[in-house]
Number of protein chains: 2
Amino acid sequence: MARAGLTTAGLTRAGAELADEVGFEQVTVSELARRCGVSVPSLYSHLASSRDLKTRIALFALEELADRAADAVAGRAGRDALVALGNVYRDYARQHPGRYAAARFRLDPQAAAGSAGARHSRLTRAILRGYRLGEEDQTHAVRLLGGFFHGFVDLELAGGFGHSVPDSQQSWQRSLDALDALLRNWPPAAQGPSGR
Amino acid sequence: MARAGLTTAGLTRAGAELADEVGFEQVTVSELARRCGVSVPSLYSHLASSRDLKTRIALFALEELADRAADAVAGRAGRDALVALGNVYRDYARQHPGRYAAARFRLDPQAAAGSAGARHSRLTRAILRGYRLGEEDQTHAVRLLGGFFHGFVDLELAGGFGHSVPDSQQSWQRSLDALDALLRNWPPAAQGPSGR
DNA sequence: GTAGTTTGCCTAATGCCTTTAGGCAAATGC
DNA sequence: GCATTTGCCTAAAGGCATTAGGCAAACTAC
């Protein structure tokens, strides 16, 4: 039986493409096998399980996204960098909705530890160098931005900002404006316990 | 054959509970049937499909969440309302991770139109009354907050802010502080095209 | 080049999930 | 009470995930 020349990396890439075509949720070992012209069980020579496939696609997407983010923010600072970084996430999600969903896949702790997640965090932290934030507030800001980027993009992709005025592109821009202003005027920590 | 007394609403609630137990992704018609003590095909008297079940659970969760949000913001304004609203989302997600995930399920346009999604939007808009924002900027702020609430909570739940310092509770509080400050000092629209 | 070993492909098989069809009897309506 | 509707069941079919074992290509060592 001639070998089809499959590799784990190749299957991961094919899986990522399939994800963008049919949606990450619809990616199956069976469909991938059909796409590669081999029988379903053959894929188990290269993949441990369906979950293994999804994990690999997720890691691939996170890496790809981090590479784009790194390129986009290189040589930029302050507001320029903030906009560039945010746009990377939004553009990637719109160009590659399946991969973007994959990047949101719940990884097990071990896989997560080896993922590009930390790169994303570092890149976000890097753009904050253009703002005057203390160590701790920088971490808060990283998480705020991370949450906003992901949340806005996810809601938008899900149609949450559907065809209503103003369009979501404007909201995106104004949100980035607002966040830039916020980062330039980050409020000091309150004196006592605040709320909960 | 005695009737088990199943109803669509009852199955939806049982499905929501199952979601919190095993995770929304693991909810199946088969498991629900086992839980109710009936055969799998029996459920098709009350549910159109597995997707119908998930859609119903999603609508249920969105409604439940909107009720909680309405209660929490009633009689509050400004920063107090902002914190209360944000906390509803975060608390719900932590208490009911499966239902929260269900609330994020991609509904088809028809189901989405009849969902509590618009209530959520209105509630967020309502808390913004305590801030001086123009009509359009209010919408931008609704989307920014919606994105942040969802994004932060989702990343947190996924372990994205794992056991590192400062803990995510502090980041949550500081983020709400920051957003309150932002809303009180919302930047005016820039003169010309900004960025993209 | 040859022999032994490893590896990647296949088919068969198993089990789980989703769904449909048709039968039977409980429940409902007149 | 009778006719109709409805909710339960079993049987069946198809799809997906996965394992086991066989065969031959590919690799390694001498």
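Values in this document were obtained by computation on a predicted structure and should not be read as measured data. Letters A, B, ... are given to chains in the order of the sequence lines, protein chains preceding strands, and every chain is numbered from 1.
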By nearest atom, which of the nucleotides [options] is closest to the [X] side chain?
{"X": "B:L6", "options": "C:dA12, D:dA11, D:dC8", "result": "D:dC8"}
{"X": "A:R34", "options": "C:dC17, C:dC9, D:dC16", "result": "D:dC16"}
{"X": "B:S45", "options": "D:dA11, D:dG7, D:dT19", "result": "D:dG7"}

Check nucleotides 25-30 of chain C against the protein and report each pair of N or O atoms closer than 3.5 Å, with its distance, or say if there are none.
{"from": "C:dA26", "atom 1": "N3", "to": "B:R3", "atom 2": "NH2", "distance (Å)": "3.0"}

Aromatic ring proximity B:W172/B:F152, centre distance under 6.0 Å: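 Yes, the ring centres sit under 6.0 Å apart.
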
Value in whole Å for how far the C1' atom of D:dT10 lies from CG of B:L43: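 Rounded to whole Å, this separation is 15 Å.
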
A:L32 CG - D:dG15 C1' separation (whole Å):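 Distance check: A:L32 CG to D:dG15 C1' gives 16 Å.
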
Would you say [X] has more than 12 foreign heavy atoms packed within less than 6.0 Å of its [atom1]?
{"X": "B:E135", "atom1": "CD", "result": "no"}
{"X": "B:R132", "atom1": "CZ", "result": "no"}
{"X": "B:R129", "atom1": "CZ", "result": "no"}

Set of ring-ring contact (aromatic ring centres under 6.0 Å, His included) partners for B:F149, sequence neighbours left out: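 Testing B:F149 for ring-ring contact (aromatic ring centres under 6.0 Å, His included), a comparison that skips the adjacent residues, returns B:Y89.
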
Counterpart residues, ring-ring contact (aromatic ring centres under 6.0 Å, His included), relative to B:H96 (two or more places apart):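 In terms of ring-ring contact (aromatic ring centres under 6.0 Å, His included), with neighbours along the sequence ignored, B:H96 is linked to B:Y92.
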
Along DNA chain C (nearest heavy atom to each residue), the more 5'-positioned of B:V40 and A:G37: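 Going by which nucleotide is closer to the 5' end, it is A:G37.
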
Please output the side-chain donor-acceptor pairs of residues 107-114 of chain B that fall under 3.5 Å, not counting sequence neighbours, one pair per line with the distance.
{"from": "B:D108", "atom 1": "OD1", "to": "B:Q110", "atom 2": "N", "distance (Å)": "3.2"}
{"from": "B:D108", "atom 1": "OD1", "to": "B:A111", "atom 2": "N", "distance (Å)": "2.9"}

Stepwise salt bridge (Lys or Arg N to Asp or Glu O under 4.0 Å) check, A:R104 with A:D154: CA-CA 10 Å; A:R104 299 306 309 142; A:D154 202 41; over 6 Å; no

Phosphate-side-chain proximity, B:H46 and D:dT6, N/O vs OP1/OP2 below 4.0 Å: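 Checking D:dT6 against B:H46, no side-chain N or O comes under 4.0 Å of OP1 or OP2.
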
Within-4.5 Å side-chain heavy-atom neighbours: B:L145 and B:L128: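 Counting from C-beta outward, B:L145 and B:L128 do come under 4.5 Å.
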
DNA chain C contacts among residues 49-57 of chain A, heavy-atom distance under 4.0 Å: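 Per residue number, the list is empty: none.
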
Proximity to DNA chain C (any heavy atom under 4.0 Å), residues of residues 8-31 of chain B only: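 Within residues 8-31 of chain B, the residues near DNA chain C are B:T28, B:V29, B:S30.
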
Exercise: do B:R143 and A:S171 side chains pair donor with acceptor under 3.5 Å: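 Distance-only check passes for B:R143 and A:S171.
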
side-chain hydrogen bond (donor to acceptor under 3.5 Å, both in side chains), paired with B:Y100, selected from B:R90, B:R94, B:H150: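 Result for side-chain hydrogen bond (donor to acceptor under 3.5 Å, both in side chains) with B:Y100: B:H150.
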
